[in-house]
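To start, the structure itself, in structure tokens.
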Amino acid sequence: MLSRPMVSIIIPAFNAEKYLRECLDSAVGQTCHDIEIIVVDDGSTDSTGRIIAEYAARDSRVKPLFQRQSGVSAARNAALRVAGGEWVSFLDSDDVLYPRSIEMLLNAALDSGCDLVYGGWLRGVEFRPVDEARTDVRPRVCDRLDVIEKVLYQSEGIVPAPWGKLYSRECLRDVCFDEGCIYEDLDIFYKVEGRNGKIALIDAPVYFYRDTPGSLTNQFSPARLDVLKVTSRLEDFMAVSYPSLLPAARDRRLSACFNMYCLLAIHDRAGEHAHVSRECWELIKRYRLESLKNPRVRLKNKLGIIISYLGERVLKAVAPLVYGSSKKNS
């Protein structure tokens, strides 16, 4: 019987004691046994390090790394430098893999000949089991530009995050996550996906994404304004490399401007970032008509555009109704 290629599962963890055991149980419990699980403790001050060491002592496939707190991007980069698998999958420390996730992703990669596979995913606060009868799903093979376009238009549940996917090592060659940016996923996905002729998608869920109110993306901080720089770089890249995707890139940038403008309207009462709000508003006015006419643009964006035509005062008044909860607004 031919041996199957090894998969490296990379888990960055910072003060992750609440959900880390559930996460690690899902990783070590994969039906695909030829795996290594690289868990990076990013300078945790709780029991994260002890939990990692406990699992490493029980299962030789669990390989701990420890570093001073440097962020999720640095943790992923550190793991990539030592990963020995022919394939790589990313798992966040508060999330869960389904038992056959890696097996399904690897089967899809080998059956399709693609070096990147997107899996389906579910989300919620508490783990939701999946119907095992739905796990035998043949992959759909898509053109890379079609996939990038869907990510930019935020359609069909296809997201830029690295989790819930399987990458060949060649696919990640010379790639690293931006260690100074909290939108590292949006900043890197099109550089990786753009390398591939085809990408395989499987509709069955392979990943459970946990909504945690305390996570970075569920809070507002000035660091979240990074998305404006990221989407500006993304637009510049598409203008040069894939001009056909420029409308999608502009809509994604417009969406980011709406998000940050509304979040600042709620959280920046003192006007510390008034210049950023002004820049967002100017770009909203510049790009809104193009997106309004674009049939690919999602309804949420079009509703925001229509409200923006009523003026800044109305948009700011509506902002708390849309962005006042702890939902993810990136």
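Hydrogens, waters and symmetry mates play no part in the numbers below; they use all other heavy atoms, side chains included.
The residues R233 and D187 are annotated as salt-bridged, a charged nitrogen and a carboxylate oxygen being separated by less than 4.0 angstrom. Taking a cutoff of 4.0 Å between a charged side-chain nitrogen and a carboxylate oxygen, R278 and E312 qualify as a salt bridge. The residues D211 and R123 are annotated as salt-bridged, a charged nitrogen and a carboxylate oxygen being separated by less than 4.0 angstrom. Taking a cutoff of 4.0 Å between a charged side-chain nitrogen and a carboxylate oxygen, R298 and E156 do not qualify as a salt bridge.
Each of Y207, F189, Y118 was scored for a ring pair (Phe, Tyr, Trp, His ring centres under 6.0 Å) with W163, with one residue passing: Y207.
Connectivity analysis of hydrophobic side chains (ILVMFWY, heavy atoms under 4.5 Å, direct or indirect) links L299 to L303.
Pairs passing the side chain to side chain donor-acceptor pair (under 3.5 Å) check and including a residue from residues 79-93, sequence neighbours excluded, read R76-D92.
With sequence neighbours excluded, the residues satisfying salt bridge (Lys or Arg N to Asp or Glu O under 4.0 Å) with E54 are R21, R58. For the salt bridge (Lys or Arg N to Asp or Glu O under 4.0 Å) test, no residue two or more places apart in sequence or in another chain qualifies with D42. Residues passing the salt bridge (Lys or Arg N to Asp or Glu O under 4.0 Å) test with R253, sequence neighbours excluded: E235. With sequence neighbours left out, K302 forms a salt bridge (Lys or Arg N to Asp or Glu O under 4.0 Å) with no residue at all.
For the pair N301 and S255, the tightest heavy-atom approach, listed with the atom from each and the gap, is ND2-CB, 3.7 Å.
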